[in-house]
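If you're wondering where the values come from, they're calculated on a predicted model, not measured in any experiment.
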Amino acid sequence: MSRLLDSTCFIRAARGGLGRPDAAGAQAMAVFGGALYVGTGALAAGVTPPPARLLRFAGETWRTVLESPTSGMAEEPAVDLRLAPDLLEALHAREGGATSCPDDAGYVSLAVFQAPGESAPALYVGTASPAGGRVLRSADGESFEPASEPGFDLPAYAVTALCVHDGRLFAVTRGALDGPLVDLDASALPVVHMCLDPQAGSWDEASLPGFGDEDNIAVTALASFDGWLYAGTANPERGFQLWRTRAQGEAPFDWEPVIEDGAYAFTANHAVAALAVFGGALYLGTATRALGYEEEPALGTDAAELIRLDADGSWDLIAGQPRFTPLGIRAPLAMMGAGFDDRYNAAFESLCAHDGALYLGTRHWGAFAALAQEAGPVVGGYQLWASADGLDWELVLEDGAGNPAEVALASLASTPEGLFAGSANVEPLLSLAAALRERDDSIAPRAGFEILRGR
Amino acid sequence: MLETATMAETAAERGGGYPEPLFILAPPRSFTSIVCGILGQHPQCYGLPELNLFLGDTLGEVWGGFAGFMKSFGRDGLLRTFAQLHDGAQNEDTIARAQQWIISRSDWPIRKVFDHIQEQVGPKILVEKSPSTLFRAEFLERALRTFPEANYLHLIRHPRGTAASVLSLRAAHEEIARVANVPMLDPERVWRISHELSVTLTEPLPVGQSMRLKGEALLSHLDVYLPQICEWLGIRSDAEAIEAMMHPENSPYACEGPPNAPRGNDPNFLENPTIDPERLARIKEPSLVGELSWRPGENFDPRTVKLARQLGYS
């Protein structure tokens, strides 16, 4: 019987963006060479971001092993199209004098991969950059070389997922660039990329764009499970889709749909946010279209759902809205509705198996909703949930572990030293939202990502 | 069985053996008559015509409420229900007696009226489907307040299909067109406002108390969805029960009523209440894209498109 971590098991292994309060996210984690690596990133808010950093944690010490250069490759910072104009304007007014834009605004995905013929695994890093995200490779975790062209030769902002399957490395991008504007909902080309030769930086397209469906505007998650490569999409017209392939034969491979129409919750399940293998099944966390910093939900926008997929392609609803489907009635086996009965959980953003249990990190916009009220406490922020069997879930941490600006757990990693959880921090947006509401006195959010360790 | 069904049984034990009712929420022309007719024929259910009970707090308020709607044909369902339940038949005499019965009980709260119907019917799930429940937020709020533990089925239909059906009915019935052909009752507007209401007000209900279903999917795949509805309600889903549901024409309300209460349901359903599986199997969802036949040169409002997509239409 596994032991679930509870709130008393966690300490802060890092806070305040590790010396850079404007470092908003601990976006990705991986264990390489016996150490934990964490990729950091900034909000795409149009202000000059801090340089992306890759941090190494070993011997209870953090060390920066890679920091983005500022070569002039990225001429100006990216602006998230989805941000409210009044918040953007206020952010810009707050910015100091102009500074040079780093090449990379984030290191947002990580994978450890040993290519055929290589003697040891290497660390791969997916970057976010106004000049186009790319893949970097390091054999020693210290020196990094490009392993792809920026944006795969497209205006693609970030390499948001890397996945090893059947001895090959796969990647997807997210964020369609149009000058300084970036549509983070979409991809410049919603395909799965497959690495042919990492040292030569050559890649091929492993799927058709959108798997042949033009409404699939991005591929948002990848996972390898039971001999299949799975890919989840964002689909604003009919809800997410989940596809899979054996990845055999010539690329692009034959893919088959596994789940369509947002698992029949339609556009309420806008995208696949996270995938993780646990207990012989694949778990899928969904995302609504909520950003995590609205004041009001869109009409009929339910919160995130959790779905369990078996190897035969059948699936069950673990948490979410009960519904009639062509496959039979689907009622939540955990007896909890969308968002684990919390409407502000807009995404089940991270999933990770650790020490015989499954952990789930959410994106939660309760603090912004609370600010919209004239009075009352401003609480909200990510939650961490845990389950020993995938069915019964317990709340481990809530309210951003005491900081309402920590809206999401963007990354989780299982290590011999414990479970690590990295946050996404939106302090500038929350502070400005409070100022716009004349509720500055209601909150004192801390800036910069945090990393918790539970053991 | 879902949690809600268990809750309904618990409530039934508290309330004298009666199960919680099922209310179908949908605007006009959303397949409510045929669906209510089908569900109402389940051996453990009793399908009612349109009672319009949520237009007021008392029977008197309902009887005289909502301008011309009740006076034109909105009362027929109530009259036919009481005629059938009190006298076992619907004719001009029993309808007249039902009217007297109603008028002399104008101070009855609507819950008491409904409980009276339940006592007459016995321990079956009452199935009710008045589209008027979505005419205003206060009506649906009254339903939810009066029946906090009832089950609610949000029945949806593509806005283009709904509008086409509305316009077809108006074209065929001058008395309906006279009342309804006003901008406020534009079929797209009615569709959007009704479904917004249903989505918004049922969202806070406990998980599983309200379920949503596309009418097109249900009617074209009755074999797939009827057992699921039975499972949701915690009632039998065996072949005999499903077969009974395939005959809505067996309902005492599935025909035109006597001259003093001819309606109580959709006129087309009253004219032909029998299920035609081949016709139903051909039901297809139209597209959200394209010009509106009743507003040449215009397309659906973006708010309509967004909501329709959330409900599963494209």
Side-chain angles (χ1 to χ4, degrees), chain A residues 213-217 234-241 259-271 286 288-290 296-303 305-306 316-344 393, chain B residues 1-7 151 153-156 192-193 195-218 220-234 237 285 287-289 303-314:
Chain A
D213 184 339
E214 63 181 13
D215 294 333
N216 283 322
I217 59 172
N235 186 316
E237 302 293 321
R238 300 192 309 283
F240 81 80
Q241 296 172 8
I259 302 178
E260 297 176 288
D261 295 338
Y264 305 107
F266 307 109
T267 56
N269 273 338
H270 169 67
T286 74
T288 69
R289 293 207 86 174
E296 292 292 333
L299 174 75
T301 302
D302 291 315
E305 296 194 331
L306 182 64
D316 285 299
L317 186 64
I318 301 299
Q321 277 296 103
R323 47 191 173 262
F324 305 117
T325 83
L327 310 173
I329 197 166
R330 289 291 186 273
L333 300 181
M335 300 300 288
M336 287 197 284
F340 284 140
D341 289 331
D342 186 332
R343 65 186 304 214
Y344 301 116
W393 287 84
Chain B
M1 187 194 306
L2 297 185
E3 175 71 2
T4 49
T6 309
M7 288 165 58
N151 289 306
L153 178 65
H154 181 194
L155 186 65
I156 55 177
R192 186 176 67 248
I193 290 174
H195 288 300
E196 282 177 354
L197 263 186
S198 186
V199 168
T200 305
L201 295 183
T202 60
E203 193 265 347
L205 293 177
V207 171
Q209 189 175 348
S210 174
M211 296 278 279
R212 188 174 299 145
L213 183 55
K214 284 182 178 180
E216 297 94 337
L218 167 62
S220 60
H221 296 90
L222 288 167
D223 57 329
V224 172
Y225 290 99
L226 289 183
Q228 294 186 50
I229 296 174
C230 294
E231 185 180 349
W232 172 47
L233 296 173
S237 59
E285 293 175 15
S287 172
L288 291 170
V289 179
R303 292 170 297 176
T304 302
V305 172
K306 185 178 180 189
L307 178 59
R309 284 180 179 152
Q310 286 171 343
L311 299 179
Y313 294 114
S314 53

K.L.:
Would you mind reporting whether B/Ser314 and A/Glu237 have side-chain heavy atoms less than 4.5 Å apart?
P.N.:
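Not touching, per the 4.5 Å side-chain cut-off.
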
K.L.:
When heavy-atom pairs shorter than 4.5 Å are enumerated against chain B, which of A/Thr325, A/Asn269, A/Asp215 gives the highest number?
P.N.:
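Most heavy-atom pairs within the cutoff with chain B belong to A/Thr325.
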
K.L.:
Let me confirm one number: the CZ-OG1 distance from B/Arg309 to A/Thr267, rounded to the nearest 0.5 Å.
P.N.:
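One finds 8.5 Å between CZ of B/Arg309 and OG1 of A/Thr267.
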
K.L.:
NZ of B/Lys214 to CZ of A/Phe266: how many Å apart, nearest 0.5 Å?
P.N.:
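The NZ atom of B/Lys214 sits 4.0 Å away from the CZ atom of A/Phe266.
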
K.L.:
Chain A heavy atoms under 4.5 Å from B/Ile229: which part of the residue, side chain, backbone, both or neither?
P.N.:
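Contact with chain A: backbone and side chain both.
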
K.L.:
Could you tell me which portion of A/Ala265 (side chain, backbone, both or neither) has an atom closer than 4.5 angstrom to a non-hydrogen atom of chain B?
P.N.:
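Contact with chain B is through the backbone of A/Ala265 alone.
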
K.L.:
If you measure from CZ on A/Arg323 to CD on B/Gln228, what distance do you get to the nearest 0.5 Å?
P.N.:
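Those atoms lie 11.5 Å apart.
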
K.L.:
Which bit of A/Asp341 is near chain B, if near means a heavy-atom gap under 4.5 Å: side chain, backbone, both or neither?
P.N.:
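It is the side chain, since no backbone atom gets that close.
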
K.L.:
If you count heavy-atom pairs within less than 4.5 Å of chain B, which of A/Gly337, A/Ala338, A/Pro326 leads?
P.N.:
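Going by pairs under 4.5 Å, I would pick A/Pro326.
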
